[in-house]
Amino acid sequence: MADVPSTGTQLSTLVRLTLKRMMRGRAVWVCLIIALSPVLLGIALRTNSKASEIITGIEILVMAVVSPVLVSSSIGDEIEDRTVTYLWSRPLPRWTMIVGKLLALAPITMVIIIIGWNIAMLLGTQALAPPRTTAGFAIGALAVSTMTVGVATLVPRFGIALSIGYILVLDFGIGLMPAALREISVTYQVSRLLGVDENAAVAQPAITIMVIAGIWLAIGLWRIRKLEA
Amino acid sequence: MSVVVANACSKWYGHVLGVSDVTWTLRGGIVGLLGPNGAGKSTMIKMMAGLLRPSRGTLTVYGESPFDSVDVRRRIGYAPEHEKTWDELTALELVTAMAALAGVPRKHAGAAARGALDHVGMLDAMNRTVRGFSKGMRQRTKLAGAIAHNPDFLLLDEPLTGVDPQARIDIVGRIRKLAEVGKTIVISSHVLYEIESLTTDIVVIYRGQVLAEGNVYEIRKLIDRHPHRIRVECDKPRVIASALANEEHVARIAFERGAVVVETRDPDRCYDQINDAVLASDIAVSVLTSPDNNLGAVFEYLTGGGR
């Protein structure tokens, strides 16, 4: 009979399992196509003086779509298809499922978005994207992935749609409000990190994003403890 | 030490009752959970596997709550009823991942998976993706996933549903072998004749309650009074029908699209004759099922509903 595996072993097994399944599925290729769509925009805007701003706006939309498609589908489908029973009947703490999937998928999401962003900016502005913006999108992708985890555990069946809807409608809408309420908007904080608001500092939006992501992660971890398969 | 102790255990899904006030002790061996669909068999098995928490009462496995205790789940092997698995993977990858997640060291997980797949007769297909598997192959793969980490206690939820007669005999033999090496096995089915081929120790469950426990013979007598339906999906349903048409135990034969449904008063003989016809005429059977209407009727009778 096997011993109870260590947490590190469990997580690395879950990461490898998630990556193997993802690479053989469609979601990663759909995400790649979405993430590279700003490249076409970059080519089209080559002579446009507003290229940088337009590409930035589109890239925020891409970030709001790619993370849910990749992360939410992975968690939501596992719960909806009941394949989660294969995990939860094993000697694994339930939180390892979420953390394992995040460890596997969040870096992929970040890399896909950063690649799309940098190529689009290079083609659109004939210059490399500022490192601050690359870091901003990486942090934003991580935060949106984590938010998506929370939504996918709350409503697994509609995880992708609700995550995208939440970010594009609610979060984006809150971010446009002039009042202090917009501080809780991830997309607003990402735009500050990117330097869209020239006066913005780096630390404060980064910390705010991490706090919001942490709350969503806590919701996901709380929910996964309660879920039954 | 008892393997499972359920004490006044109930489970609700919202307002829907899963199991009600079950008090039951399992000490070892093979035990069959028998009941029609929706009776509460899967709920019982899921509670034992640690997937569901009892709404009221307690259920322990080896003295611990399987829902809360990670440790005790390493001693449990679970093959669910549903077909869906990680279909993108090959059988070997799937069972290796299951073994590793259950605690088999990574360097040994592949060998453990091969051993388990060999045990269920899936070695030849182990490098094929699960997506293309027949129902019988999926059942075998799930069984391999359940045994790869060498658990003490096996929970098999309807492992014979939908498999062809030859595979059924083969799987039954392999489950028996597991019991011979000391595993405690709980196997659920809505077909008495499946369970009877494995054990005489049964728990009859209906509408979430344990109706009877122990001897299989009395319930069998009751069931035999009701015609038993067997549905065979195959490429030559008329050949099977003609092989059975003149048998006195056959009450009725009906055809559905690509299938023949036989009602019999002697299921054992009927299964044997279907098997003989399949082998003699080289018939490709895709699904063999026993709709549980007859069992439901017997349970209605047992609970007084049929009087």
Side-chain angles (χ1 to χ4, degrees), chain A residues 1-29 70 73-101 104-105 156-157 223-229, chain B residues 11 13 18 42-43 45-53 55 66-90 93-106 108-109 112 129 131 142 145-146 148-153 155 157:
Chain A
M1 190 178 58
D3 292 328
V4 174
S6 70
T7 305
T9 306
Q10 289 171 332
L11 285 175
S12 76
T13 306
L14 279 169
V15 167
R16 283 183 296 120
L17 177 65
T18 305
L19 289 176
K20 199 176 275 184
R21 291 186 64 204
M22 184 200 66
M23 292 309 292
R24 293 179 193 174
R26 274 176 301 193
V28 70
W29 306 111
L70 215 51
S73 66
S74 180
I75 291 174
D77 289 353
E78 199 90 72
I79 296 169
E80 272 299 298
D81 292 342
R82 293 187 288 167
T83 47
V84 76
T85 57
Y86 293 110
L87 299 175
W88 290 350
S89 59
R90 311 271 137 182
L92 303 169
R94 290 184 167 215
W95 61 265
T96 54
M97 175 210 167
I98 282 184
V99 175
K101 284 190 181 288
L105 300 175
R157 186 175 295 178
R223 179 69 183 145
I224 213 79
R225 282 186 60 211
K226 303 280 175 193
L227 271 178
E228 295 180 315
Chain B
K11 179 68 193 174
Y13 303 98
S42 291
T43 301
I45 285 187
K46 282 179 178 178
M47 284 197 290
M48 288 186 266
L51 297 168
L52 297 175
R53 190 200 294 271
S55 307
F67 190 89
D68 297 314
S69 168
V70 169
D71 280 3
V72 79
R73 290 206 296 270
R74 84 188 196 282
R75 302 183 70 178
I76 299 171
Y78 168 63
E81 181 189 12
H82 58 81
E83 274 188 51
K84 191 84 179 168
T85 62
W86 298 317
D87 287 358
E88 309 87 349
L89 305 184
T90 65
E93 288 170 337
L94 176 76
V95 180
T96 302
M98 288 187 186
L101 289 169
V104 177
R106 197 178 298 168
H108 301 307
T129 50
R131 184 174 286 130
K142 285 191 289 183
H149 61 293
N150 193 22
D152 297 320
F153 179 35
L155 293 162
D157 199 355

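Protein chains get the first letters and strands the later ones, always in sequence-line order, with residue 1 at the start of each.
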For residues 7-14 of chain A, tabulate all N or O donor-acceptor pairs below 3.5 Å that involve a side-chain atom, not counting sequence neighbours.
{"from": "A:T9", "atom 1": "OG1", "to": "A:S6", "atom 2": "OG", "distance (Å)": "2.7"}
{"from": "A:Q10", "atom 1": "NE2", "to": "A:P91", "atom 2": "O", "distance (Å)": "2.6"}
{"from": "A:S12", "atom 1": "OG", "to": "A:T9", "atom 2": "O", "distance (Å)": "3.1"}
{"from": "A:S12", "atom 1": "OG", "to": "B:R106", "atom 2": "NH2", "distance (Å)": "2.4"}
{"from": "A:T13", "atom 1": "OG1", "to": "A:T9", "atom 2": "O", "distance (Å)": "2.7"}

On a heavy-atom basis, which atom in A:L17 and which in B:L101 lie closest, and how many Å separate them? CD2-CD1, 4.2 Å
Evaluate the criterion side-chain contact (heavy atoms from CB on, under 4.5 Å) for residue pair B:R73 and A:W88; output intermediate values, then yes/no. CA-CA 9 Å; B:R73 290 206 296 270; A:W88 290 350; 5.9 Å; no
Got a second to check how far B:F67's CZ is from A:R94's CZ, nearest 0.5 Å? 4.0 Å
Less than 4.5 Å to any heavy atom of chain A: does that hold for the side chain of B:A146, its backbone, both, or neither? backbone
Max heavy-atom pair count under 4.5 Å with chain A, selected residue of B:H108, B:M98, B:K142, B:K46: B:M98
What are the two closest non-hydrogen atoms of A:T83 and B:H82, and how far apart are they? N-CE1, 4.4 Å
Side chain / backbone / both / neither for A:R16 at chain B, heavy atoms under 4.5 Å: side chain
Which atoms of B:Y13 are under 4.5 Å from chain A, going by heavy atoms: the side chain, the backbone, both sets, or neither? neither
Does any heavy atom of chain A fall under 4.5 Å from the side chain of B:K84, the backbone, both, or neither of them? both
In A:R24, A:R21, A:R26, the residue satisfying salt bridge (charged side-chain N to carboxylate O under 4.0 Å, His left out) with B:E88 is A:R21
Taking atom OG1 of A:T18 and atom CH2 of B:W86, what is their separation to the nearest 0.5 Å? 9.0 Å
